[in-house]
Asks: 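For reference, the structure I am asking about is given below.
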Amino acid sequence: MIDVLVVGGGPAGLATAIACAQRGLSVTVAEPRERPIDKACGEGLMPSAVRRLAGLGVHPKGHVVAGIRYLDSHGQVEALFRRGSGLGVRRTTLHSALADRAGELKIPVLPVRVTEFSQRGSTDEFTAGESGPGVTAAGIRARYLVAADGLHSPIRRACGLDPRPARHVRYGLRQHYLLAPWTSLVEVYWARDSEAYVTPVDEDVVGVAVLGDGRASFESRLAAFPALRERLAGAEPVSSVRGAGPLRQDVAHRTKGRVLLVGDASGYLDALTGEGIGAALSEATALADCLAVARDVRVTCSHARS
Ligand SMILES: Cc1cc2nc3c(=O)[nH]c(=O)nc-3n(C[C@H](O)[C@H](O)[C@H](O)COP(=O)(O)OP(=O)(O)OC[C@H]3O[C@@H](n4cnc5c(N)ncnc54)[C@H](O)[C@@H]3O)c2cc1C
């Protein structure tokens, strides 16, 4: 039996696996997609997220982000980060850096999609060995299963923890342009029913994410931001349009027995916060700390019994 089976090898899952391995827990990741995994994202890491990544031994290359600027048709306002810098990082770059670190720590990544599991025993049993409490999925027995399987988490659904459908359904789309960043700030453009984020991710690439109510094409969303469209005029798109949604997912409970939710599976933070990945990294570290304490209690109990 291993300590932790992590379902989902995105930022939350890989960060959880790395944090667990750093604490001496045995951990395996199940992720059906090949690396590097891309995703619709604004790709802005806030300073706290950069610090959390460094704590995991992960140092992705990107473009320094010095703060945030908000703009609408009436004006603009901006603020610099007070402590440290953020980082604009392509998702594929971030994923490669996390996957490389997981490889260094010899964390197995199984190419499987997990949709079912069974669990036995309560969370406060400390019995060691194969007969002890645990979760079985994909033929693996683990003391805990961490669901890091994203916004529409199949594991969360199987646990009966899915949120009620949201009344306002928002979607996000992203595309990259070959264009030297004109600022080291993340720019947030406002329109009536939508917003756009521009993040410098390389010396000659900016990422643009647009969000709004209901489904729409990238071009039609961009039309709501004439000043941004002018900036991008003539710049070559260097990625395909990718989408995500519906975005709002309030989750009332983040555990079901020995199944623990992290990252977007545990509830979606509005992309406007720029904290989705940072929150996932914080959860991953806190979860690994708790599991390490549970392991120490288990070891102490089994020593006391023998
Ligand atoms: C438009 C937009 C802009 C955003 N901008 C930012 C931003 O600027 N900064 C920021 O920090 N955050 C931003 N976010 C949020 C951020 O993208 C997410 O919070 C982050 O991707 C969550 O990571 P995750 O690992 O929880 O989920 P994901 O990245 O979705 O990873 C989930 C993984 O689970 C795998 N999986 C799914 N089902 C299974 C299964 N059954 N078995 C095994 N594996 C499975 C998937 O293949 C995937 O690799 C933005 C989001 C959107 C939509």
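Counting starts at 1 for both ligands and their atoms, in listed order.
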Asks: Considering distance alone, does some N or O of G42 sit under 3.5 Å from an N or O of ligand 1?
Replies: yes

Asks: Check each heavy atom of R113 against ligand 1 and say whether those closer than 4.0 Å belong to the side chain, the backbone, both or neither.
Replies: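 Within the 4.0 Å criterion, R113 contacts ligand 1 through backbone and side-chain atoms alike.
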
Asks: Between S96 and T93, do the side chains contain an N or O donor and an N or O acceptor separated by less than 3.5 Å?
Replies: no

Asks: Regarding ligand 1, does A12 bring an N or O atom to under 3.5 Å of one of the ligand's N or O atoms?
Replies: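 Between A12 and ligand 1, an N or O pair is found under 3.5 Å apart.
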
Asks: Apply side chain to side chain donor-acceptor pair (under 3.5 Å) to the pair D3 and S26, showing each step before the final yes or no.
Replies: CA-CA 5 Å; D3 289 318; S26 53; 3.3 Å; yes

Asks: Below the 3.5 angstrom mark, is there an N/O of E31, backbone or side chain, next to an N/O of ligand 1?
Replies: yes

Asks: Does atom CZ of R215 have more than 12 heavy-atom neighbours from other groups under 6.0 Å away?
Replies: no

Asks: Measuring from the heavy atoms of L151, does anything fall under 4.0 Å of ligand 1?
Replies: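 So L151 does not count as touching ligand 1.
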
Asks: Check each atom of ligand 1 against the heavy atoms of G10 and keep those under 4.0 Å away; list them by number with element.
Replies: 25 (O), 31 (O), 33 (C), 49 (O)

Asks: Which of the numbered atoms in ligand 1 are under 4.0 angstrom from any heavy atom belonging to G8?
Replies: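 Matching atoms, with element in brackets: 34 (O), 35 (C), 43 (C), 44 (N).
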
Asks: Starting from atom 44 (N) of ligand 1, which protein heavy atom do you reach first, and at what distance in Å?
Replies: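 Ranking protein heavy atoms by distance from atom 44 (N) of ligand 1, first comes P32 CD, 3.3 Å.
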
Asks: Are any of the side-chain heavy atoms of E195 and R170 separated by less than 4.5 Å?
Replies: yes

Asks: Quick one: which ligand 1 atoms are inside 4.0 Å of a heavy atom on E43?
Replies: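 Taking each heavy atom of E43 in turn, ligand 1 has 7 (C), 8 (O) under 4.0 Å.
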
Asks: Counting only nitrogen or oxygen atoms and a 3.5 angstrom limit, does V114 reach ligand 1?
Replies: yes

Asks: Near G150, which atoms of ligand 1 are under 4.0 Å from a heavy atom of that residue?
Replies: 27 (O), 30 (O), 32 (C)

Asks: So is there a nitrogen or oxygen of D264 less than 3.5 Å from a nitrogen or oxygen in ligand 1?
Replies: yes

Asks: Tell me the protein heavy atom at minimum distance from atom 39 (C) of ligand 1, and give that distance in Å.
Replies: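 Closest protein heavy atom to atom 39 (C) of ligand 1: D149 CB, 3.8 Å.
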
Asks: Counting from 1, what ligand 1 atoms have a heavy atom of G274 closer than 4.0 Å?
Replies: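 Atoms satisfying the 4.0 Å criterion: 9 (N), 10 (C), 11 (O).
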
Asks: If you measure from each heavy atom of R174 to ligand 1, is any distance below 4.0 Å?
Replies: no

Asks: Give the residue and atom name of whichever protein heavy atom lies nearest to atom 15 (C) of ligand 1, and the separation in Å to one decimal.
Replies: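 Atom 15 (C) of ligand 1 sits closest to the protein heavy atom G276 CA, 4.1 Å.
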
Asks: Give yes if a backbone or side-chain nitrogen or oxygen of C41 is under 3.5 Å from a nitrogen or oxygen of ligand 1, and no if not.
Replies: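 No, no N or O pair falls under 3.5 Å.
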
Asks: Distance under 4.0 Å to a non-hydrogen atom of K39: what atoms of ligand 1 satisfy this?
Replies: 17 (O), 21 (O), 29 (O), 30 (O)

Asks: Closest by any non-hydrogen atom to atom 51 (C) of ligand 1: pick that one out of A40, P111, G172.
Replies: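 Among A40, P111, G172, the closest heavy atom to atom 51 (C) of ligand 1 belongs to A40.
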
Asks: Just jot down the ligand 1 atoms closer than 4.0 angstrom to any heavy atom of G263, in number order.
Replies: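 It comes down to these atoms of ligand 1: 26 (O).
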
Asks: Heavy-atom pairs closer than 4.0 Å: do any link ligand 1 to the side chain of A49, the backbone, both, or neither?
Replies: neither

Asks: Within the 4.0 Å heavy-atom shell around A244, which atoms of ligand 1 are there?
Replies: 53 (C)

Asks: Testing the 3.5 Å rule here: is there a donor-acceptor pair between the side chains of S266 and E283?
Replies: yes

Asks: Out of curiosity, is R91 lining ligand 1, as in a heavy atom under 4.0 Å away?
Replies: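 R91 counts as a contact of ligand 1 under the 4.0 Å cut-off.
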
Asks: V210: heavy atom below 4.0 Å from ligand 1, yes or no?
Replies: no

Asks: Starting from atom 8 (O) of ligand 1, what is the nearest protein heavy atom, named by residue and atom, and what distance separates them?
Replies: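 That would be G44 N, 3.1 Å.
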
